[in-house]
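Side-chain atoms are counted along with the backbone in the values below, which use heavy atoms only and exclude waters and symmetry mates. Computed from a prediction, not measured in an experiment: that's the story for all the values here.
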Amino acid sequence: MIPAAFDYEVAKSVDHARLLLGQGGADAKLIAGGHSLLPLMKLRLARPTLLIDLKNITDLSYVRESGDHIAIGALTRHHDIQQSLVLAEHCPLLAHAAGKVGDPQVRHRGTIGGSVAHGDPASDLPSVLLALDAEFVIRGGSGSRTVAATDFFRGLFETAVGPEEVLTEIRVPHTGAGYGWSYIKFNRRAQDWAIVGVAALIECDNGNIARAAIGLTNMGWTPLRAAGVELALVGHGADAVAGAAKHAANGTNPPSDTNASSDFRQHLVRVLVRRAVEEALGRS
C-alpha cells in the first residue's frame, strides 16, 4: 500500500529536531532507519503529517565506555552494535541480540534508538535492554533526563519519550566477565519478528545463581521481566532451572495472532526460558 500524504524535513541537530516536532504538532514523527515506522505507514496504521529525518545527526552514532557503563548513541545502527568490540567485551548479550534483528539489510539501516523508541513489544532489543537494566537519556526543553528501563516502556507503542523530546543515548552496565547470557527467539523466518523471545543474564557465585534477569519479548503490551523465574533461580544451582522455567508465563498477557495463539506463546515461553537460562549458565 501507499502511505498517506506527509511533509518531510531533515533535522540538522537534536535541538532542530525538537523545534520541528513543536511546529508539526501531535502528528509529527521522527524517523531514523525507518524499519519500524514505514511498514505501519504503508498499512496506514500510522499517518504522520510530518516526518522528521534524523539521518544527518551523526554525533548520535557511537559506542564508548563511560565510567561504570557503556554509552550508545541512539542513531547507532544494529550492525555497528553487533560488531562493537567494546560491547563484545563488556556487554556481549546486547551485541549478540543486535545480530538477531531482522536481516543484514535491516541491521545496516535500522538504529537502536528507533527500535526502542517505537515501543514494539515484539522487537528484540527492548526486552534485552530491560534485562540489562539499561537507562535511556531523553532530551527535552528543560535539558536531558535519564529514565530507567523499568519506567521507559509504558504501553503498546508507547514510551517515556514525550511529544517534543528526542531519545539521544542508551546506557548499559558492564556485564562481561563473570556473567552468563543468552538471547533466544522463536520465529518462522530469520527476518521475522519474534513469536516469543527470551533474554537471560545470569551471575553465579560458588556454583549458585547470585543474580538472574530474564526479559521477555512479545509476551504482553510491553517487554516484560519474568520476575517469578528470577526469584526461583536466585540462591540455587542448575538443578533449579527446569522448575523455575515453569513460572515464565506468570503475569504475562501475550497476544493471539496469525503466528501463534496466546496459549501457545505461554507454553513456548516456558521452553525458551529454560533453554536460555541453561545456555547462560554454560557461559558463566
Side-chain angles (χ1 to χ4, degrees), residues 1 3-4 29 34-48 78 97-98 100-103 106 110 114-131 149-161 182-201 212-233 241-279:
M1 293 182 63
K29 294 289 185 182
H35 288 282
S36 297
L37 179 59
L38 289 179
L40 294 180
M41 292 175 61
K42 290 180 179 179
L43 294 171
R44 300 207 174 190
L45 297 174
R47 298 190 179 200
H78 302 309
K100 297 279 191 179
V101 176
D103 54 26
V106 169
S115 178
V116 298
H118 187 55
D120 188 342
S123 295
D124 298 302
L125 298 188
S127 59
V128 172
L129 292 170
L130 187 63
T150 51
D151 299 319
F152 185 80
F153 302 102
R154 296 185 174 178
L156 184 63
F157 303 127
E158 181 185 0
T159 70
V161 181
S182 174
Y183 183 68
I184 297 176
K185 61 190 285 189
F186 184 89
N187 49 13
R188 292 184 176 181
R189 299 174 303 170
Q191 67 267 38
D192 286 346
W193 300 104
I195 294 175
V196 172
V198 176
L201 186 68
I214 312 295
L216 306 180
T217 301
N218 213 4
M219 286 299 295
W221 297 113
T222 65
L224 300 172
R225 287 278 289 266
V229 177
E230 296 171 358
L231 184 63
L233 287 173
V241 174
K246 295 179 180 179
H247 300 285
N250 295 1
T252 66
N253 183 28
S256 290
D257 53 32
T258 56
N259 291 313
S261 67
S262 178
D263 288 343
F264 179 72
R265 282 188 165 94
Q266 289 182 324
H267 163 73
L268 183 58
V269 76
R270 298 184 186 101
V271 175
L272 296 186
V273 162
R274 177 178 57 79
R275 292 179 182 176
V277 173
E278 288 174 347
E279 185 171 74

Atom pair NZ/CH2 of Lys185 and Trp193 - distance to nearest 0.5 Å
8.5 Å
For a quick test of reading the model, state the closest non-hydrogen atom pair linking Ala194 to Asn187 and the distance between them.
CA-CB, 4.3 Å
Does His118 have any side chain to side chain contact (heavy atoms under 4.5 Å, CB included) partners at least two apart in sequence or in another chain, and if so, which?
Ser36, Leu40, Asp120, Phe157
To the nearest 0.5 Å, atom CZ of Phe186 lies from atom CG of Asn218 at 12.5 Å
Value rounded to 0.5 Å, distance of CZ in Phe152 from OG1 in Thr159:
4.0 Å
List the atom of Pro223, the atom of Leu130, and the distance in Å for their closest heavy-atom pair.
O-CD2, 3.5 Å
Counterpart residues, side-chain hydrogen bond (donor to acceptor under 3.5 Å, both in side chains), relative to Arg188 (two or more places apart)
none
Taken to the nearest 0.5 Å, the spacing of Phe264 CZ from Asn259 CG works out to 10.5 Å
Who passes side chain to side chain contact (heavy atoms under 4.5 Å, CB included) against Ala226, sequence neighbours left out?
Ile214, Leu216, Val229
Going by the rule side chain to side chain contact (heavy atoms under 4.5 Å, CB included), which residues pair with Asn250 if we only count those two or more places apart in sequence or in a different chain?
His247
Contacts table for residues 267-279: side-chain donor-acceptor under 3.5 angstrom, sequence neighbours left out:
| from | atom 1 | to | atom 2 | distance (Å) |
| --- | --- | --- | --- | --- |
| Arg270 | NH1 | Gln266 | O | 3.1 |
| Glu279 | OE1 | Ser182 | OG | 2.5 |
| Glu279 | OE1 | Arg283 | NH1 | 3.4 |

Considering all heavy atoms, the nearest Gly215-Ala131 contact:
N-CB, 3.8 Å
In chain order, what residues pass the side-chain hydrogen bond (donor to acceptor under 3.5 Å, both in side chains) check against Asn253, with sequence neighbours excluded?
none
Are any of the side-chain heavy atoms of Ser123 and Leu125 separated by less than 4.5 Å?
no
CG-CG distance between Leu43 and Leu38, expressed to the nearest 0.5 angstrom:
11.0 Å
Under the rule for salt bridge (Lys or Arg N to Asp or Glu O under 4.0 Å), what residues qualify as partners of Asp257, not counting sequence neighbours?
Arg265
Correct closest heavy-atom pair for His78 and Val101 would be CD2-CG1, 3.8 Å
Could I get the full list of salt bridge (Lys or Arg N to Asp or Glu O under 4.0 Å) partners for Asp192, not counting sequence neighbours?
Arg189
Would you say Val198 and Tyr183 make side-chain contact, with heavy atoms under 4.5 Å?
no
Ser115: what forms a side-chain hydrogen bond (donor to acceptor under 3.5 Å, both in side chains) with it, not counting sequence neighbours?
none
Test of understanding: with side chain to side chain contact (heavy atoms under 4.5 Å, CB included), list the residues that count as partners of Ala4, not counting sequence neighbours.
Arg44, Arg47
Enter the distance from Met219:CE to Leu224:CG here, rounded to the nearest 0.5 Å.
7.5 Å
Is there a donor-acceptor contact under 3.5 Å from the side chain of Ser256 to the main chain of Ser262?
yes
Ser127 meets the side-chain hydrogen bond (donor to acceptor under 3.5 Å, both in side chains) criterion, sequence neighbours left out, with Thr217
Does the side chain of Phe153 reach to within under 4.5 Å of the side chain of Pro126, using non-hydrogen atoms?
yes
Mind checking salt bridge (Lys or Arg N to Asp or Glu O under 4.0 Å) for Arg225 and listing every partner two or more places apart, or none if nothing turns up?
Asp133, Glu230
